[in-house]
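Have a look at this one before I ask anything.
In what follows, chains are A, B, ... by sequence order, proteins preceding strands, each numbered from 1.
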Number of protein chains: 2
Amino acid sequence: MTERKKTNEPDTRTRIVEAALETLREEGFAGTTARAIAARGGFNQALIFYHFGSVAALLLEAFRATSEEQVAKYNAAAAEVGSLSDLVEIARRLHEEDLESGAVTVVTQLMAAAASDPDAGRAMLDRFEGWIGLVENALRGALASNPLAALVPVREAGYAICAMFLGIELMSRLDPERSEADQVFAMMSAMAQLAQELLPKVLPES
Amino acid sequence: MTERKKTNEPDTRTRIVEAALETLREEGFAGTTARAIAARGGFNQALIFYHFGSVAALLLEAFRATSEEQVAKYNAAAAEVGSLSDLVEIARRLHEEDLESGAVTVVTQLMAAAASDPDAGRAMLDRFEGWIGLVENALRGALASNPLAALVPVREAGYAICAMFLGIELMSRLDPERSEADQVFAMMSAMAQLAQELLPKVLPES
DNA sequence: GTCTATAGTCGGATAGAC
DNA sequence: GTCTATCCGACTATAGAC
């Protein structure tokens with residue numbers, strides 16, 4: 001990795017990665033060309049090939065960077081999860097922040113694009129493992145004081161929750177004004193509340 | 001609509017729509033060009049523009065066609081749903097059939113592509129309403145004999161289930177060999193079973 | 001490391017013959 | 001309705017000056 005100077009200016013690689021993410025978010029995968037990225041970031045198109053070799057390699061690196069950043073950010077929050085309600089609340093907050101940052105939108109765009117390229121698909125899945133693990137951890141915390149813990153396979157549930165989150169993001173972006181994500185999170189919050197109240201009555205402590 | 005001849009040969013519009021869906025499934029959105037569609041279907045590229053005006057218009061029409069077909073097909077099954085377990089089983093079957101047909105993969109590809117085009121996004125969302133309604137109906141059937149019915153808002157739950165399904169499809173396509181969809185459906189089946197056994201004990205009949 | 005310029009390819013779309 | 005031929009713009013990627 002290149003040394004970071006003590007200036008406020010990010011180095012070129014970082015600027016390129018950030019412009020790539022921004023383009024992916026605003027223009028979608030199909031609109032994320034070397035020219036579009038360079039125009040958005042205000043640098044020369046040829047720099048992308050000098051620094052990353054190809055647009056595809058840049059996008060993979062950009063996904064790695066944003067995944068690491070986001071997972072680190074939410075892992076702290078996940079460690080504090082003590083109930084299903086907490087878990088829903090984190091998900092809600094992540095969604096809300098994504099309306100601005102588009103970090104998850106970037107994931108759905110890259111996943112859809114990688115669906116027809118086995119190598120890219122495998123690479124994406126490897127990197128997405130961090131997200132699933134994040135949810136698994138949060139889920140373990142959420143179930144710690146719940147008799148349901150013995151009955152819910154955390155891996156599968158984490159996978160399913162990630163899937164739902166991606167799907168909500170995909171649908172919400174189609175027409176943000178008609179997004180029903182808020183109501184969905186409210187519903188899940190109510191369900192979590194219900195599960196916490198009712199389950200102890202019917203399940204014995206393990 | 002053009003009259004259907006009494007031959008086994010589908011008319012040209014149909015052939016084009018089918019080639020477009022096949023291309024979308026095999027090559028992804030980025031690879032779905034007029035030339036690729038024509039090559040796959042064995043017809044002339046110019047026919048796409050003669051019959052549909054543009055590639056984008058063709059894809060929208062293709063989505064309409066496949067959605068209507070799939071929703072009609074599964075609406076019959078949805079009407080028979082009498083429990084949460086039935087609902088999970090339908091979802092599992094749809095997923096299994098999608099491994100072959102790719103009908104849902106097409107939806108995720110078109111949704112991701114439409115994310116950066118507000119007009120296309122709204123059109124996609126309108127047409128996706130049929131899928132949400134399908135799940136809503138199945139859910140009503142699943143909850144009919146369950147005290148949970150009074151507590152679960154069917155619209156939100158239907159939306160969430162659709163989202164999860166799309167997400168599972170998106171993730172599964174990245175590397176079909178590493179797909180965890182089967183385990184996820186098994187987990188949901190167990191949860192449905194559990195809900196059916198336990199909830200009546202703790203919720204009064206409404 | 002960053003720039004300009006350009007080669008080479010592929011895409012949407014149309015004109016016009018049949 | 002279907003074909004051939006083609007225009008033209010946009011793309012990735014590279015060569016080479018600075």
query = Residues two or more places apart in sequence or in another chain: which of them pass side-chain contact (heavy atoms from CB on, under 4.5 Å) with A:A77?
reply = A:I90, A:R93
ask   = With B:V154, which residues qualify under side-chain contact (heavy atoms from CB on, under 4.5 Å), at least two apart?
value = B:E136, B:L139, B:R140
message = Test of understanding: with side chain to side chain donor-acceptor pair (under 3.5 Å), list the residues that count as partners of A:Q70, not counting sequence neighbours.
response = none
For atom CD1 of B:I16 and atom P of D:dT2, their distance in whole Å = 7 Å
remark   = To the nearest angstrom, the CD1-P distance between B:I48 and D:dG1 comes to 16 Å
ask   = What pairs with B:F185 under ring pair (Phe, Tyr, Trp, His ring centres under 6.0 Å), at least two apart in sequence or on another chain?
value = B:H95
inquiry  = Can you confirm if the NZ or CZ of A:R13 lies within 45° of the ring axis of A:F52 and under 6.0 Å from the centre of its six-membered ring?
reply    = yes
Separation of D:dT4 C1' from B:F43 CZ (nearest whole Å) = 17 Å
ask   = Pairs in or reaching into residues 45-59 of chain A: which pass side-chain hydrogen bond (donor to acceptor under 3.5 Å, both in side chains), with residues at least two apart or in two chains?
value = none
note = Reading nucleotides 4-18 of chain C from 5' to 3' and marking B where a protein heavy atom lies under 4.0 Å of the base, S where only the sugar-phosphate is that close, and - otherwise, the string is B------BBBB----
request  = Output yes when at least one side-chain N/O atom of A:T12 is less than 4.0 Å from OP1 or OP2 of C:dT2, else no.
outcome  = yes
